[in-house]
Amino acid sequence: MKNKFHRYIPLILIILLSVFLYFFKINNIPNGVYSDEATVGYNAFSILQTGKDEYGKSFPLAFRFFGAYTPPLYIYLIVPLIKFLGLNELSLRLLSGISTLFGIFVVYSLAKDLKIFKSSAVPFLLAFLFAICPWVVFNARLGYEVTLGYILFSLGAFFIWKGISQKSFSALGLLILSISTYAAHTERFLVPFFLIFVLFFYRKEVLSFIRSKKFPITLLLLVITQIPNFILLFTKAFWVKNNVFEGINIAGILTDFFSQYLTYISPSGLFGISKDINLQHTIPLLAPFYSWLIIPFFIGLYVLWTKRNSLSGKYIFILLVTSPIPGSLSGHFISIQRILPIIIPIFLVMGLGFDILIKKVSKYILVPALILLSLFSLLMLWRSYFIFLPKENATWWSYGYSQIANIVKQHPSQTFVFDNSRLPPAYMSFLYHLQYSPQEFQKQFSPEFVDSYYSNPPYNPNYKIANVDIRPIVWETDTLIDQILIGDTLAISEEQAKDHFLTKIIDVKDPLGNSIFIGYQTDPAKKIADNARKKALLLRSNTR
């Protein structure tokens, strides 16, 4: 018993390190609440308070966020966290961190159960490298659904492998995969592709399972768990991110698919500069995977090719090939968060490379090299994520909204206009930071809107929330009212401020000292007088 415990000491140490990496200053780093986080949090808050989402839809099967739809599992799971911890960054992000801790066990267990690695050190090494991977740490500290989705998928894939390795199929694995389709949009489409590949390559195991007594009850449970997806199947809520309703152009679809697929699996994007144009998805000066890991990765690809006919080799291949498919079919720009399920198969490929290195390279060279590279990697992670990201990427994390919300709360009798011309999701940041009453906000939506909820009714980003009007500034009328106009640095120019007699009273800066939001007090008396003067001059010139 004592020896068995000693065997797992490395895994325990990895978990302890991970707890630090995933939860240290999680309330403050990232140092803003991204619009997706705010939307998830406020809708969970609304469900807690009213049993309805922001629009007044009772317990949605898919949540409508900014004109798109998101599977509901993450939102419902954080409702009890918000109940006990309040609506804040901790309650939003805690579930992702906990999910990733489970992911470490999945990596270790899958690496061990594949029985493809000769060295017993490889499963521990992969668990450690997974735990400290920049891509993993980044997503472990997010307050929305993508992390839960890929961890659930990986857990289901692990149990599927357990069944295959026993010449059968796993009912538990199928059920977990079914549940994962309610966690994130990627898994909704990945699971069918993954199972098609598994059914093709492991036909004997599947037939054995179908003939077993477990099959009828498993099939029944699968059908039951998929009822919500069947209900949504022929609505825009199910397909909205995949352009299915925008016309079919086979040649265009195939071209876009292969272009995006190759971009997603490009080693330069995985181990070098990220191809994601959204800086909110990136860590300054750090690739998704540490660059030095490209060596075991390429060695592992060669080894995987040599083991392509083995039971476990085929399984790693399936995981690796199917993971980028949903992201490549999205029909949108590159977003590395759509291919998170590829993380674990990439580490399994690296494991094959490390297995060769352990065999071929002297331990007196390899072990010190791995220790130095790991320490260097952790140092780079600390520098880039915990020091650079809060400063350089603050605005990409919606930094500044909490400061504006505090100003609004401190002046309840003052009217504010927040210009959202370039910031359509701004209303959600105000709902979140003001913790505005869901009951009051839901009054802005008609019963007809709620009835057409899954048909993707028109998206409107303009709302009245407490004493804030969130909409584009209307210069002809807004300057004639005693109020404060707020916007980003492009919303109000110095020339406009001068022409409309505006006085700057708010200047919210990012951690680098750059202005993010600027607020101006209007002067209706001067503006009205100036308008009257201009009107008189115009009238005088017309009568000459």
Side-chain angles (χ1 to χ4, degrees), residues 12-42 44-45 74 77-78 81-82 84-104 128-148 151 278-288 290 337 340 374-406 429 432-433 435 508-514 516:
I12 294 170
L13 294 175
I14 292 167
I15 294 296
L16 292 175
L17 173 62
S18 302
V19 168
F20 175 79
L21 291 176
Y22 303 162
F23 301 110
F24 175 71
K25 289 190 175 180
I26 198 170
N27 268 333
N28 303 314
I29 303 175
N31 54 341
V33 179
Y34 186 55
S35 56
D36 285 359
E37 292 184 305
T39 307
V40 165
Y42 186 77
F45 177 68
Y74 192 93
L77 287 179
I78 67 169
L81 296 178
I82 292 174
F84 293 107
L85 300 174
L87 179 58
N88 52 51
E89 289 82 335
L90 177 60
S91 61
L92 287 183
R93 297 168 178 168
L94 187 61
L95 180 57
S96 290
I98 293 172
S99 300
T100 310
L101 292 177
F102 278 100
I104 296 170
F128 170 71
L129 292 173
F130 172 84
I132 68 168
C133 171
W135 208 2
V136 172
V137 174
F138 178 87
N139 287 287
R141 299 172 66 92
L142 291 181
Y144 50 97
E145 71 281 353
V146 291
T147 303
L148 176 66
I151 295 297
N278 186 348
L279 293 184
Q280 187 270 332
H281 297 166
T282 64
I283 303 175
L285 302 177
L286 210 54
Y290 296 115
Q337 289 190 343
L340 291 180
S374 297
L375 290 174
F376 178 75
S377 297
L378 284 168
L379 182 63
M380 292 300 98
L381 177 66
W382 182 265
R383 176 208 63 174
S384 292
Y385 187 88
F386 292 97
I387 297 176
F388 286 173
L389 184 140
K391 295 179 180 179
E392 297 183 12
N393 286 17
T395 54
W396 290 93
W397 280 90
S398 302
Y399 182 88
Y401 281 103
S402 62
Q403 291 89 327
I404 294 295
N406 286 334
S429 293
Y432 173 84
H433 289 293
Q435 300 198 8
V508 176
K509 298 181 183 294
D510 69 12
L512 295 176
N514 302 312
I516 307 173

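Here CD1 of Ile82 is found 9.0 Å from CG of Leu85. Values are rounded to the nearest 0.5 Å. We find the CZ-CD1 distance between Phe102 and Ile151 to be 10.5 Å, quoted to the nearest 0.5 Å. Summarising the geometry, atom CD1 belonging to Ile98 is positioned 11.0 Å from atom CG belonging to Leu148; distances are rounded to the nearest 0.5 Å. Note: Arg93 CZ to Ile78 CD1 = 11.5 Å, rounded to the nearest 0.5 Å. Taken to the nearest 0.5 Å, the CG atom of Asn27 stands 9.5 Å off from the CZ atom of Arg141. Between the OH atom of Tyr432 and the OG1 atom of Thr39 there is a distance of 11.5 Å, given to the nearest 0.5 Å.
When all heavy atoms of Asp36 and Tyr144 are compared, the pair lying nearest together is CB-CD2, 3.8 Å. Between Gly41 and Leu92 the shortest heavy-atom distance is CA-CD2, 3.0 Å.
Asn139 places none of its side-chain heavy atoms less than 4.5 Å from the side chain of Thr100.
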* Asked: Do Glu89 and Ile26 pass the side chain to side chain contact (heavy atoms under 4.5 Å, CB included) test, and can you show the C-alpha distance, the side-chain angles, and the key distance before you say yes or no?
  -> CA-CA 7 Å; Glu89 289 82 335; Ile26 198 170; over 6 Å; no
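Under the side-chain hydrogen bond (donor to acceptor under 3.5 Å, both in side chains) criterion, Ser377 pairs with Trp292, not counting sequence neighbours.
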Extract all donor-acceptor atom pairs below 3.5 Å that involve side chains of residues 388-401 and protein atoms in other chains or at least two apart in sequence.
{"residue": "Asn393", "atom": "ND2", "partner": "Leu279", "partner atom": "O", "Å": "3.2"}
{"residue": "Asn393", "atom": "ND2", "partner": "Thr282", "partner atom": "O", "Å": "3.3"}
{"residue": "Tyr399", "atom": "OH", "partner": "Gln403", "partner atom": "NE2", "Å": "3.2"}

List the atom pairs, with distances to 0.1 Å, where a side-chain N or O of residues 12-23 and a protein N or O form a donor-acceptor pair under 3.5 Å, not counting sequence neighbours.
{"residue": "Ser18", "atom": "OG", "partner": "Ile14", "partner atom": "O", "Å": "2.7"}
{"residue": "Tyr22", "atom": "OH", "partner": "Ala131", "partner atom": "O", "Å": "2.8"}

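Although no hydrogens or angles enter the test, the distance criterion places no donor-acceptor pair under 3.5 Å between the side chain of Gln280 and the main chain of Tyr34. Side-chain N or O atoms of Ser91 include none that pairs as donor or acceptor with a backbone N or O of Leu81 at under 3.5 Å. Side chain of Asn28 to main chain of Asn31: no donor-acceptor pair is present (N/O by atom type, distance under 3.5 Å, no hydrogens or angles).
A donor-acceptor pair shorter than 3.5 Å can be found between the side chains of Tyr74 and Ser96.
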